[in-house]
Amino acid sequence: MQTNAESVIVLDFETTGLSPNMGDRAIEIGAVKMDNGVVVDHFQKLMNPGFRVSSFIEGYTGITNNMLRTAAPCDEVMDEFADFIQGYNLVAHNASFDQRFLDAELAQINRDYQGKFTCSMLIARRLFQDAPNHKLGTLVDYLNIDNDGVFHRALADSEMTAKLWLEILSTIQSNYQINALSFSHMQKLAKTAKASVPSYLKKLAI
DNA sequence: TGCCAGGCCCTCTTTAGGGCCTT
């Protein structure tokens, strides 16, 4: 298992709704694999949830029922994705959402994963307190992160989240003179009370 | 463009309520 904060898989789901407990399913998974901050691989697949998606989801994601009609079923795509994420920790923007869907989809096919999750949104809230809000698109603008203007598609959003993740690491490293950040440092940071963040990071400095 | 849920986080708090963020 990779333990470096710069060696992670950043992932993003598009889904039929907000809650797998209410019957929602994944319709697209996108992810980028990073080793030491360099993108070394990516994953993007549409998947057929077995029922029609709402017109709201078609409009929100640009993923239409026609596109999903010929896509492989969720079980097949998620089995392949379970192989892709082996050995890596995981990052997502509002990770609790993506974790719920990953857990629900993998439970359907009796697959598991060993990596741990952390959340770029929780850390961004602590680090960029002056941002207008902490939506992915807003943070991309606020931090002048390169983007191609595509939002709400899984690979595009995971690529932007990956750039945001590197910006987060770089901001911490330069502001606090920290050389090596581990993934567990970032997990702890995501759970540290805002007021205690500076003292926590100062303790990590050389 | 909205609702559904769930976890986090703030505050006029902790015997609670509501906004944020994800689709």
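In what follows, chains carry the letters A, B, and so on, assigned in the order in which the sequence lines appear, proteins first and then strands, with residues in each chain numbered from 1.
In this structure, A:F128 and A:Y142 have perpendicular ring planes: the angle between them is above 60°, well past the 30° mark.
Atom P of nucleotide B:dG6 and atom CG of A:L122 are separated by 18 Å, given to the nearest angstrom. Remark: C1' of B:dG7 and CG of A:N21 are 13 Å apart, rounded to the nearest angstrom.
With C1' as the reference atom, B:dC12 and B:dG18 are 12 Å apart, rounded to whole Å. B:dC4 sits 12 Å from B:dG19 when the P atoms are compared, rounded to a whole Å. For B:dT14 and B:dG2, the C1' atoms lie 33 Å apart once the distance is rounded to whole Å. Nucleotides B:dT1 and B:dG17 are separated by 31 Å at their P atoms, to the nearest Å.
In summary, A:D83 and A:R111 engage in a salt bridge, as defined by a charged side-chain N under 4.0 Å from a carboxylate O. The pair A:R25-A:D75 counts as a salt bridge, with a side-chain nitrogen and a carboxylate oxygen less than 4.0 angstrom apart.
The salt bridge (Lys or Arg N to Asp or Glu O under 4.0 Å) analysis of residues 41-50 of chain A, with sequence neighbours excluded, yields the pairs A:K45-A:E80.
In this structure, A:K33 satisfies the cation-pi test against A:F84, with its NZ or CZ atom closer than 6.0 Å to the six-membered ring centre and inside 45 degrees of the ring normal.
Partners of A:R52 according to the salt bridge (Lys or Arg N to Asp or Glu O under 4.0 Å) rule, which considers only residues two or more places apart in sequence or in another chain, do not exist here.
The nearest heavy atom of DNA chain B to A:A190 and to A:D24 marks one nucleotide each, and the one closer to the 5' end goes with A:D24.
Residue contacts shown for A:K191 are absent, as no nucleic acid heavy atom lies under 4.0 Å away.
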Could you list all N or O pairs between the protein and nucleotides 19-23 of chain B that sit under 3.5 Å apart?
{"unit_1": "B:dC20", "atom_1": "O2", "unit_2": "A:R125", "atom_2": "NH2", "d": "3.4"}
{"unit_1": "B:dC21", "atom_1": "OP1", "unit_2": "A:H134", "atom_2": "N", "d": "2.7"}
{"unit_1": "B:dC21", "atom_1": "OP1", "unit_2": "A:H134", "atom_2": "ND1", "d": "3.4"}
{"unit_1": "B:dC21", "atom_1": "O2", "unit_2": "A:N94", "atom_2": "ND2", "d": "2.7"}
{"unit_1": "B:dT22", "atom_1": "OP1", "unit_2": "A:L136", "atom_2": "N", "d": "2.9"}
{"unit_1": "B:dT22", "atom_1": "O4'", "unit_2": "A:N94", "atom_2": "ND2", "d": "2.8"}
{"unit_1": "B:dT23", "atom_1": "OP2", "unit_2": "A:Y60", "atom_2": "OH", "d": "3.1"}
{"unit_1": "B:dT23", "atom_1": "O3'", "unit_2": "A:E14", "atom_2": "OE1", "d": "2.7"}
{"unit_1": "B:dT23", "atom_1": "O3'", "unit_2": "A:T15", "atom_2": "N", "d": "3.1"}

